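To start, the structure under review is shown below, and the notes come after it.
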Amino acid sequence: MAFPPVREELRGIEPYGAPQLDVPVQLNTNENPYGPSEACTDDIAASVKAAATSLNRYPDREHVELRAALADYLARDTPHAITPDQVWAANGSNEVMLQLLQAFGGPGRTAVSFAPTYSMYPEYARDTHTRWVAGRRADDFGLDLEAARELVEAEQPHVVFLPSPNNPTGTALAPEAIGALCELVGERGIVVVDEAYGEFRRAGTASALELLPQHRNLVVTRTMSKAFAAAGLRLGYLAADPAIADAIRVVRLPYHLSSITQAVALAALRHAPELLAAVDSLRTERDATVTWLRDLGLDVADSDANFVLFGTFDDRRAAWEGLLALGVLIRETGPEGWLRVSIGTADEMAAFRQALTTVIKDATQDSSKDSSKEQS
Ligand SMILES: *Cc1c(COP(=O)(O)O)cnc(C)c1O
């Protein structure tokens with residue numbers, strides 16, 4: 001028996017994580033390059049100090065004040081009211097996903113997503129003993145509703161994960177497609193629309209929050225890790241029918257959200273307008289990056305997120321390594337041949353453009369050298 005005596009299916013598995021390499025330009029984990037403002041960090045510091053005076057007490061298990069603030073914040077993205085009892089928060093939306101699978105997945109139950117999709121979902125399915133089935137998206141990375149219908153009929157899923165905007169492709173799904181999927185799944189299961197990148201969507205792209213009154217089985221998740229420039233905070237949340245939020249209370253760890261986390265999240269939310277101003281400049285930079293990559297003649301997926309998927313490279317590993325050698329770290333992810341770059345500051349994107357131009361030029365020279373060799 002090998003030591004340590006872990007579960008059979010976990011033996012030899014590497015923990016998830018993007019390489020954290022110390023290079024000058026880091027565009028690989030979709031972080032917001034703009035940290036919180038000084039006004040915001042001052043408010044956070046004062047809020048932490050105030051919370052510290054009662055650290056001898058357990059935090060509010062139901063995080064009532066935070067849920068009310070999050071409900072207020074979400075109201076900007078839907079014409080319908082969102083009430084605090086529709087909201088639930090945890091340590092990052094990844095913990096929200098895990099809690100959803102603990103409550104709605106489990107042995108004998110099935111979770112489904114459509115690839116390419118977020119690489120963490122199958123891990124949480126494994127950890128909760130939920131059967132995992134991956135269907136496929138359409139060639140344009142949108143949802144192929146006919147294929148989805150067949151999959152749902154065949155697999156009868158209890159949980160469907162639908163990142164929109166999708167990671168790693170950046171694709172946002174139309175509300176009609178999401179609504180149709182909610183109908184297909186029916187009240188036997190829940191449809192989790194992961195809007196981790198929701199704030200980055202282009203003008204005219206609706207949030208799935210708008211659909212909440214029509215579909216009781218719809219769950220929309222958000223995070224403060226991306227738009228709110230607070231990946232280090234670990235705060236994610238969902239909006240759904242109050243009965244769904246209520247069901248999670250059964251599986252959450254006692255006092256899962258520390259009083260410090262709650263205080264910091266409330267402070268950050270008070271500064272939403274200034275944090276979202278930075279989101280606007282990232283969206284502009286994102287659109288410019290898409291245009292620039294297309295002008296280079298590359299294939300580029302439409303993006304409603306703070307990253308862009310582009311390709312295709314015969315040897316994407318070589319392209320990724322070439323950029324790294326020039327001090328630019330991006331992500332080797334997505335379908336074979338594609339690469340993903342997170343949107344950074346204007347300076348970081350200039351460095352990325354310069355490095356990619358060099359890498360592509362070198363690759364073309366290499367291949368013309370190769371072909372001249374073949375000819376001779
Ligand atoms: C980054 C990301 C999240 C956010 O995770 P947190 O745990 O909130 O930091 C969720 N879903 C997707 C698809 C992501 O890319």
Side-chain angles (χ1 to χ4, degrees), residues 15-18 20 26-33 36 63 66 70 73-74 87-102 111-125 127 134 137 141 143 159-173 178 191-201 207-208 219-239 248 252-253 256-258 261-262 264-265 268-269 275 279 282 286 301 303-309 330-334 338 340-344:
Y16 166 87
Q20 289 186 310
Q26 301 186 7
L27 302 172
N28 67 327
T29 54
N30 300 343
E31 288 159 338
N32 192 320
H63 49 289
L66 179 57
L70 290 167
Y73 170 71
L74 289 178
V87 175
W88 179 260
N91 297 281
S93 49
N94 276 278
E95 188 180 54
V96 175
M97 308 290 170
L98 182 67
Q99 291 175 333
L100 284 166
L101 282 172
Q102 287 174 321
V112 155
S113 191
F114 302 91
T117 184
Y118 188 40
S119 54
M120 292 307 296
Y121 304 143
E123 305 206 4
Y124 301 141
D127 295 347
R137 283 182 175 238
F141 305 133
L143 192 65
V159 182
V160 177
F161 286 110
L162 220 50
S164 174
N166 186 30
N167 182 7
T169 66
T171 322
L173 297 173
I178 293 169
V191 174
V192 182
V193 178
D194 179 351
E195 290 194 348
Y197 303 97
E199 287 92 341
F200 295 100
R201 65 196 197 279
S207 163
V219 178
V220 182
T221 64
R222 290 278 182 106
T223 179
M224 295 182 76
S225 295
K226 310 283 161 58
F228 264 87
L233 167 61
R234 309 309 301 132
L235 201 288
Y237 52 104
L238 64 73
I248 294 180
R252 60 105 189 277
L253 291 174
H256 68 295
L257 269 189
S258 81
T261 299
Q262 295 185 41
V264 175
L269 281 164
L275 290 162
V279 166
L282 287 168
R286 182 254 338 263
S303 177
D304 280 279
N306 67 337
F307 55 82
V308 178
L309 190 75
I330 66 167
R331 192 74 172 270
E332 189 185 359
T333 185
W338 295 77
R340 190 193 74 189
V341 62
S342 309
I343 302 302

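Owing to the predicted nature of the structure, the values given are computational and were not obtained by experimental measurement. One-based numbering, in listed order, for ligands and for the atoms of each.
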Numbering as shown, the atoms of ligand 1 that approach S225 to under 4.0 Å (heavy-atom distance):
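Reading through ligand 1 atom by atom, the close ones are 6 (P), 8 (O), 9 (O).
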Out of all atoms in ligand 1, which are within 4.0 Å of some heavy atom of A196? Include the element for each.
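Those of ligand 1 that fall under 4.0 Å from A196 are 2 (C), 3 (C), 10 (C), 11 (N), 12 (C), 14 (C).
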Is the shortest distance from a Lys or Arg side-chain nitrogen in R222 or E199 to a carboxylate oxygen in the other one below 4.0 Å?
yes
For R234, which part has a heavy atom under 4.0 Å from ligand 1: side chain, backbone, both, or neither?
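The answer is the side chain of R234.
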Indicate, as side chain, backbone, both or neither, the part of N94 found under 4.0 angstrom from ligand 1 when only non-hydrogen atoms are considered.
both
So which heavy atom on A227 is nearest to which on N32, and how close?
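For A227 versus N32, the nearest heavy atoms are O-ND2, 3.3 Å.
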Describe, in one word, how the ring planes of Y197 and F200 are oriented to each other, choosing from parallel (under 30°), tilted (30 to 60°) and perpendicular (over 60°).
tilted
Using 30° and 60° as the class boundaries, would you call the ring planes of H256 and W88 parallel, tilted or perpendicular?
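Rings of H256 and W88: parallel, under 30°.
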Counting non-hydrogen protein atoms only, what is the nearest one to [atom]? Give residue, atom name and distance.
atom                    : result
atom 10 (C) of ligand 1 : S93 OG, 3.3 Å
atom 15 (O) of ligand 1 : Y197 OH, 2.6 Å
atom 3 (C) of ligand 1  : K226 NZ, 3.3 Å

Between the side chains of R331 and N30, does any donor sit under 3.5 Å from an acceptor?
no
Just by modelled atom types, is the G236 backbone N or O under 3.5 Å from a matching donor or acceptor in the T223 side chain?
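Side chain of T223 to backbone of G236: no pair is present.
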N91-ligand 1 polar pair, N/O distance under 3.5 Å:
no
Looking only at non-hydrogen atoms, which of T29, L98, V96, D194 approaches atom 11 (N) of ligand 1 most closely?
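Shortest heavy-atom distance from atom 11 (N) of ligand 1: D194.
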Consider side-chain contact (heavy atoms from CB on, under 4.5 Å). Of V308, I330, N167, which one does R340 pass it with?
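Of the listed options, the one satisfying the test is N167.
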